[in-house]
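Predicted model, so just to flag it, every value in this text is computed and none were measured. Just so it is clear, the values below take in all heavy atoms, side chains as well, and ignore hydrogens, waters and symmetry mates.
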Amino acid sequence: MELSMATVLGVLQTAGFVQLPKPLVVADSSFDFDAAVVGTGVSHDLVVVASTETSRTKLVRLLSSLGRTLDQVESRRPVTLALLGEDTGRSTTAALERHARVLEITGLNPHVADVRRALAILMPLSLPSATVRGRDPLTQVTEILGGSLSDEQRELIAAARVGPDEVRTRLRWFIDGVSDGDEGVPIS
Amino acid sequence: MTDIPLRSIFISDFRRLEGHRTLPLDAPIVLIHGPNGTGKTSVLSAIELALTGDIRSMRRHDSRYTAHLPFQGRDFATLRIEVSEELAASSDPISMTVAGNRIDGAPKLNREASEFYAERCYLDQVSLGQLLELYQYRVGKEESALARFVNELLGLEQLDALRVGLADSTDFRLLKKLSEPLSRADAEAKKAKTDLTEAARALESARLDLARQQDALLVALDSLGLQPPGEKRDVTLRAEELLRALRPTDDMSAARKLNDELTILRGRIEALSGRPAMRRLEDARAAIVSTSAKIEEWRTEHQAVIEAWHAEMAKFELRVTDSDADALNDELNRINRILIMQEEASAERDRVKDQIAARRSALLEFQGRYSVAQVEAGSLVEGLATLRDNASDNVCPVCDRDYSEVSRTHLTEHIDTKMLELAQEGERLRELRRQRDSVAAEVQRDEERLGELNEVLLTDARRAAINSRQAAAAHLLDRFQRLGPALRLGDDLRFQARQAQVEIENLEAMAAEVEILRADLRELAKALGAPQPELEQSLEESWRVLAGVSTARLRSMEAVQQSHSVATQYLEQCRQLDQRVADFKDTVARAAERKVFWDNRIDDARRLQAVAKSVQEASSQARSSIVQRVFSESLNDVWRSVFTRLAPHEPFVPAFGIPNSFKASLEVTLETVHTSGASGGSPQMMLSAGNLNTAALSLFIALHLAVEPIVPCLVFDDPVQSMDEVHIAQFAALVRTLSKHHQRQVIIAVHERELFEYLALELSPAFRGDELITLELGERSMDEDRGITRSTWVPDQSIVV
């Protein structure tokens, strides 16, 4: 479980969260969660981490207390519980969700990808970069051809910027050029 | 977020919003709350109309929706929106007025930004529930909105241009249709190949023919006893030399000439056999001796008399005729005609003399009468003319009487009548003169005739000489008639002597001819190489022997010549076949050259085809790669990421079906993928109604995120109506991420108070400079702050970081 906890914390820290000292202290009140992290930069989320080894009652109590405490100090931090361990059942989750967002990380030893997926809502979206999206398709053709292009290949690719008719015309021009037998044809 | 796209909106009497309101929007997140019917959607549609000039969701229901936009009972509505400088199509703060079916005022965004806002930024409440259907809805052959978006996102136009433009390179037949010169070159290459094959076949055939003819030539040469040395392929050249050296034609020609001479000789021998025999030569010589003796005897008896008569004849100087008798008869006739003509001329002269005398007498009479009449007529006319000149007063100058007393006509007229009558008397005078002149002419003609007759008539001496010549001619004719038998005998004897002489000459010529023929036969025998004819042999016998030899020789030579001719024919055929082989070799060489020429062109074209094909395949590969990447990374990854944030417990994740066709315009399909990786059915089949809404919402957000944000804002109208609490919490976290991590301005309208408050807390400012605006409609808007709250970031002291 410690290993899983470390994985969860590692994922969150990678996303810019900072781990808080244990126990979590809010407005001079301590909360005995397994771990807690808080967002930095553009995020001010408070994420508390607990395992399902903690009893349901305790978890609900802790989370409820944390909520009330934050309310009392007019804190606007969104609270999320990262619940690590076996599936506790829908009723437990529902009880916890009344006090905070609950993100379940099921399994005794979840893979880092599963952890990342479970905690995705706390992290920025992974969007395709503009450079990947906007790469010139014809440049990709050039790369596939190996970069060192013949004059004909270069001209055909350049013609594609005008349109299919231009490409076809260029191809015909090439073929016409080498097929033309008007000059030098041996006399029969 | 440094440059918030939407800043504020002024709304006047628009839909559910009565009166004027200015709503601030210049915060990263704007929450709008109000119970149902208080104008939340009106605010959002006002923003859409002010930005784009249209409200799409309303237009779908009623194209004349603008008539319903002013607040109930108002004539018009007014909107004015403020946006960031980058987005504003115009910096002028122009208001938009809506009245009836008219919208005055330009939208705030340009066309591209307007379309982006309408399609990628604003999700109205009505559309959310139908979003998947709307996205996939097609009119006729038009692309669905989803397909249009995806195809725009793919940006495959240039790749498709490359693929379509090079499609002909995939098949050589298509390439030939594309390029007329290539089609021609291909046809020429095929023709050159066929030509080469045919030429090679013809060459081989000619070589076989040549070999056969060379074998035949060798056989023919062998029959002539000729065996050319060296290789068989050189037989033509060597055979030509051998046959030229043999040349049987010359011998044959000589033999034929000898044979022709023999034939001619036969004709001469046959001609000789038809002539008189040699023994008649002596008879002819005896006859000529006898005839000569008779001629001598005739001369002795008649020569003197005949010569005397000839002497007389010579004196007579007669015109030469065929015979002396005819000449004498002609002379006698001529003399008789002269004498008769003299008689007639003498009689006529006497008659003309008498006629002249009579006509001279008549002439004298006519002359007398004419003279008298001439004198009379002339005197009277002259007198009357004188009178007339003096009678103009109509009084007679002779009697002085007035002429009017006797006549009504004038006296001058009367005199003129008389003078006219005298003129008529002149006519009579002219008749007399004509008769006189006629008689005078007749007299003159008679005298001329008389002169002529005097010229013709001979003198008496001359007439006597003619009479004498007449008597002498008659005497000579008589003597000739008596000498007639002797003259005819002489002629017969001389004729017989001439005949005998001619026969002798003929017989002597025939004897000479026989000798010549024998000499010719000997010459021919020598030329034929035959034995000389025996003297006792007749000409015919000698000729027959030589003819047999000549015929046998000719036949032998003809046989050789026949063989020579056959060999020569074979030789000629070999020569022709040699030439044919040489010609076909040239033809093969030229065909091969042409084939290489056209094959090179086809090879070059195929090389270019390979080049074009490589580009086409690379473009297809790039296209597949782009399609895969765009669908996987730009669409499915983002959609999955957004969907799983909103519905983390849903095992079926919606996704775009990745197309594998190369159609220029891709068909876009939606499907689901189970978390296990297995394919599911369409979202409509696999997802619950709530998650279907989540799928639509997440798709909307994913499509917004997949492209560069022309307008970086997202506007939702009550998007969480059918969401449970978990989904709402996830949605809030997503909105926070979109706003704070991805710099999208987010405007959300909700109607539930609890939800509004939850979201206000969840989306509260998280860092310095972060803000949240809440706009509360309904009764709250009547408060002093007009229901507008602007929250800024406050440092959280509750947790020590």
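Heavy atoms closer than 4.5 Å to chain B are found in the backbone of A:Ser126, but not in its side chain. With a threshold of 4.5 angstrom between heavy atoms, B:Arg736 approaches chain A through side-chain atoms but not through N, CA, C or O. The contact between A:Glu97 and chain B is made entirely by side chain atoms (from C-beta outward), counting heavy-atom distances below 4.5 Å. Both the backbone and the side chain of A:Val26 come within less than 4.5 Å of a heavy atom in chain B.
Separation of atoms OG1 (B:Thr644) and CD1 (A:Ile121) is listed at 8.0 Å; rounding is to 0.5 Å. The line from CD1 of B:Ile602 to OG of A:Ser179 is 6.0 Å long, rounded to the nearest 0.5 Å. For the atom pair A:Arg76 CZ and B:Ser798 OG, the distance stands at 12.5 Å (nearest 0.5 Å). Rounded to the nearest 0.5 angstrom, B:Arg640 CZ and A:Arg117 CZ are separated by 9.5 Å. The CD1 atom of B:Ile799 lies 7.0 Å from the CG atom of A:Leu66; values are rounded to the nearest 0.5 Å. How far CD1 of A:Ile144 is from CZ of B:Arg623: 13.0 Å, rounded to the nearest 0.5 Å.
Taking A:Arg68 as the reference, A:Ser64 meet the side chain to side chain donor-acceptor pair (under 3.5 Å) condition, with sequence neighbours excluded. Scanning for side chain to side chain donor-acceptor pair (under 3.5 Å) contacts around A:Lys58 gives A:Asp32, with sequence neighbours left out.
In terms of heavy atoms, A:Ser75 sits closest to B:Leu761 at O-CD1, 4.3 Å. Residues B:Arg645 and A:Met123 approach most closely at NH1-O, 2.8 Å, considering heavy atoms. Taking both residues in full, the closest heavy atoms of A:Leu145 and B:Ser614 are given as CD2-O, 3.5 Å, listed atom of the first, atom of the second, then distance.
Between B:Glu762 and A:Arg77 there is no salt bridge, since no side-chain N of the basic residue sits under 4.0 Å from a carboxylate O of the acidic one.
Using a 4.5 Å heavy-atom cutoff, the side chains of B:His649 and A:Glu104 are in contact. Using a 4.5 Å heavy-atom cutoff, the side chains of B:His741 and A:Leu125 are not in contact.
At a heavy-atom cut-off of under 4.5 Å, chain B is reached by A:Arg161, A:Gly163, A:Pro164, A:Val167, A:Arg168, A:Leu171, A:Arg172, A:Phe174, A:Ile175, A:Asp176 from residues 161-176 of chain A, listed in order of number.
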For residues 33-44 of chain A, which side-chain N or O atoms pair as donor and acceptor with protein atoms under 3.5 Å away, sequence neighbours left out?
| from | atom 1 | to | atom 2 | distance (Å) |
| --- | --- | --- | --- | --- |
| A:Asp34 | OD2 | A:Ser51 | N | 2.9 |
| A:Thr40 | OG1 | A:Gly16 | O | 2.5 |
| A:Ser43 | OG | A:Asp45 | N | 3.4 |

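Across A:Asp28, A:Thr93, A:Val141, the residue that shares the most heavy-atom pairs under 4.5 angstrom with chain B is A:Val141.
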